[in-house]
Protein chains: 2
Amino acid sequence: MQFDDKVPIYLQIKRVIYQEMVTGQLKAGEQLPAVRQLALNLTVNVNTVQRALSEMITEGVLTSKRGKGNFVTEDQQRIGALKTQLVRAQLSSFYQALRALNLSDEEIITSVQHYVQRRGSQDDGHVND
Amino acid sequence: MQFDDKVPIYLQIKRVIYQEMVTGQLKAGEQLPAVRQLALNLTVNVNTVQRALSEMITEGVLTSKRGKGNFVTEDQQRIGALKTQLVRAQLSSFYQALRALNLSDEEIITSVQHYVQRRGSQDDGHVND
DNA sequence: TATATTGTAATAGATAAATAGTACACTAGG
DNA sequence: CCTAGTGTACTATTTATCTATTACAATATA
């Protein structure tokens with residue numbers, strides 16, 4: 001996997017796993033691949049994977065069972081809250097950045113609409129739910 | 001100034017100066033504060049400021065005159081292009097992040113609308129152009 | 001011609017992050 | 001009981017970033 005070398009890799013790994021939980025690629029209670037396997041998949045060191053996972057364990061979205069594996073929380077509501085939290089964080093930083101470039105609220109909204117339209121008419125196989 | 005310790009400071013400095021150019025706090029052709037002064041303002045080392053500025057000089061948005069100072073490009077169009085570029089980068093990463101969280105195009109648009117509305121009704125002294 | 005102010009370069013040290021490698025602890029299954 | 005597979009811990013090394021410090025080069029001005 002390719003990472004942005006201006007952002008710590010362990011943070012980018014967290015983001016990937018968050019996304020898999022939110023999209024349901026990883027379901028509540030499901031076991032994650034072994035840390036050594038994750039390290040291979042991500043072409044990254046085991047310690048780096050471990051750092052990402054241990055933070056997520058502290059946050060309560062993962063649980064660890066020594067000798068067995070790492071598991072997504074059973075708490076489906078926790079995952080829902082995670083999605084809300086991640087979406088809100090994106091909205092906040094996006095809004096703040098565009099305001100800092102002097103865009104009005106209206107301009108921000110229409111810029112998103114136009115961007116989405118442009119992407120929609122641009123035959124790159126993405127689907128719209 | 002406070003920085004996010006997960007992102008290189010020199011990149012965050014570039015972002016701040018970009019914003020000042022785009023918003024007109026720094027006008028085309030205008031002289032920047034001396035690097036040593038900028039370092040004081042930002043509570044950062046001169047070398048770190050220098051790294052940010054030297055990259056922006058390479059990009060052509062700043063020019064340097066040894067013994068005189070650093071200056072914003074005279075090319076107003078260049079600044080306009082900079083704004084376009086920065087806005088587009090924000091849109092792209094924002095869109096990609098929310099798609100990765102399984103939001104549809106419609107949901108992305110309405111989430112922005114609701115976020116802006118919520119902020120608008122929330123008396124925190126921001127103005128709407 | 002000096003002196004102050006500007007940008008620029010170079011060195012050395014500190015810290016965070018990532019890597020490689022080794023070892024240990026717990027669990028399941030033959 | 002032994003072995004394979006799991007998470008976890010620790011050390012050592014490398015790289016990028018930031019800092020502190022010193023020095024030098026170019027410009028303006030008294």
Side-chain angles (χ1 to χ4, degrees), chain A residues 1-18 20-21 26-75, chain B residues 1-18 20-21 26-75:
Chain A
M1 172 150 187
Q2 74 239 356
F3 292 103
D4 177 353
D5 67 353
K6 297 307 182 191
V7 179
I9 294 178
Y10 74 93
L11 291 181
Q12 300 182 60
I13 293 175
K14 286 178 68 176
R15 202 178 310 152
V16 169
I17 299 177
Y18 283 148
E20 294 185 347
M21 292 173 59
L26 281 175
K27 301 189 193 311
E30 185 174 345
Q31 179 169 7
L32 273 68
V35 288
R36 292 168 179 81
Q37 185 59 50
L38 280 174
L40 287 179
N41 297 350
L42 301 168
T43 55
V44 122
N45 192 272
V46 178
N47 299 320
T48 308
V49 172
Q50 187 62 30
R51 176 159 186 185
L53 297 187
S54 69
E55 288 198 2
M56 298 177 77
I57 291 165
T58 301
E59 295 164 7
V61 298
L62 295 184
T63 61
S64 161
K65 300 177 187 174
R66 197 188 187 96
K68 299 181 71 174
N70 293 305
F71 300 82
V72 177
T73 176
E74 299 278 2
D75 184 353
Chain B
M1 171 147 188
Q2 74 240 357
F3 292 103
D4 177 352
D5 67 353
K6 297 307 181 190
V7 179
I9 295 178
Y10 73 93
L11 291 181
Q12 300 181 60
I13 293 175
K14 286 179 67 176
R15 202 179 309 151
V16 169
I17 299 177
Y18 283 149
E20 294 184 347
M21 290 174 60
L26 280 174
K27 303 191 192 309
E30 184 174 345
Q31 180 169 8
L32 272 68
V35 288
R36 292 169 180 80
Q37 186 58 49
L38 279 175
L40 287 180
N41 297 351
L42 301 167
T43 54
V44 122
N45 191 274
V46 178
N47 300 320
T48 307
V49 173
Q50 186 62 30
R51 176 159 186 187
L53 297 188
S54 69
E55 288 197 2
M56 298 178 75
I57 292 165
T58 299
E59 295 163 8
V61 298
L62 295 184
T63 61
S64 163
K65 299 178 187 171
R66 197 187 187 94
K68 300 182 72 176
N70 292 306
F71 299 83
V72 178
T73 176
E74 300 278 1
D75 183 354

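Proteins get letters first, then strands, A, B, ... in listed order; numbering begins at 1 in each. As the structure is a computational prediction, the values presented were derived from the model and not from experiment.
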With B/Ile17 as partner, the option from B/Val49, B/Asn70, B/Leu53 fulfilling side chain to side chain contact (heavy atoms under 4.5 Å, CB included) is B/Leu53
note: A/Asp5, atom CG; C/dT19, atom C1'; distance rounded to Å ~ 16 Å
Return the 5'-most residue of the pair A/Ile57, B/Arg51 with respect to DNA chain D, ranking by each residue's nearest nucleotide. A/Ile57
Can you tell me if A/Thr48 touches the phosphate of C/dT19, counting only side-chain N or O atoms and a distance under 4.0 Å to OP1 or OP2? yes
Without decimals, in angstroms, what is the distance between B/Gln31 CD and C/dT5 P? 14 Å
Side-chain contact check for B/Val35: nearest option of D/dT17, C/dT19, C/dG7 is C/dG7
At under 4.0 Å, does any side-chain N or O of B/Ser64 touch on OP1 or OP2 of C/dT8? yes
Test side chain to side chain contact (heavy atoms under 4.5 Å, CB included) on A/Ile13 and A/Phe3; report intermediate values, then the result. CA-CA 9 Å; A/Ile13 293 175; A/Phe3 292 103; 4.1 Å; yes
A/Lys14 NZ to C/dA17 C1', straight-line distance once rounded to whole Å: 15 Å
Grab the CD-P distance between A/Gln50 and C/dA17 for me, whole Å please. 16 Å
List the residues meeting side-chain contact (heavy atoms from CB on, under 4.5 Å) with B/Asn47, not counting sequence neighbours, and say none if there are none. B/Asn45
Could I get the full list of side-chain contact (heavy atoms from CB on, under 4.5 Å) partners for A/Asp4, not counting sequence neighbours? A/Lys6, A/Val7, A/Gln12
What donor-acceptor contacts under 3.5 angstrom involve side-chain atoms of residues 34-41 of chain A, with partners at least two apart or in another chain?
residue, atom, partner, partner atom, Å
A/Gln37, NE2, A/Asn41, OD1, 2.8

Can you give me the N/O atom pairs linking the protein to nucleotides 22-27 of chain C at distances under 3.5 Å, or say none if there are none?
residue, atom, partner, partner atom, Å
C/dA25, O4', A/Arg66, NH2, 2.8

Which residue lies more 5' along DNA chain C, comparing B/Pro33 with A/Asn45 via nearest heavy atoms: B/Pro33
Which nucleotide wins on minimum distance to the side chain of B/Lys6, given the candidates C/dA20, C/dA17, C/dT8? C/dA17
Looking at residues at least two apart in the chain, or sitting in another chain, which of them share a side-chain contact (heavy atoms from CB on, under 4.5 Å) with B/Glu20? B/Val16, B/Gln25, B/Leu26
Excluding sequence neighbours, so at least two apart, what forms salt bridge (charged side-chain N to carboxylate O under 4.0 Å, His left out) with B/Glu59? B/Lys14
Quick one: B/Leu32 CG to C/dG7 P, roughly how many Å, whole number? 9 Å
Rounding to a whole Å, what distance do you find between B/Leu40:CG and D/dA20:C1'? 14 Å
Grab the CG-P distance between B/Asn70 and D/dA25 for me, whole Å please. 19 Å
Just to confirm, is there a sub-4.0 Å distance from OP1 or OP2 of C/dT8 to any side-chain nitrogen or oxygen of B/Ser54? no
In this structure, how many angstroms lie between the C1' atom of D/dT17 and the CG atom of B/Leu11, rounded? 10 Å
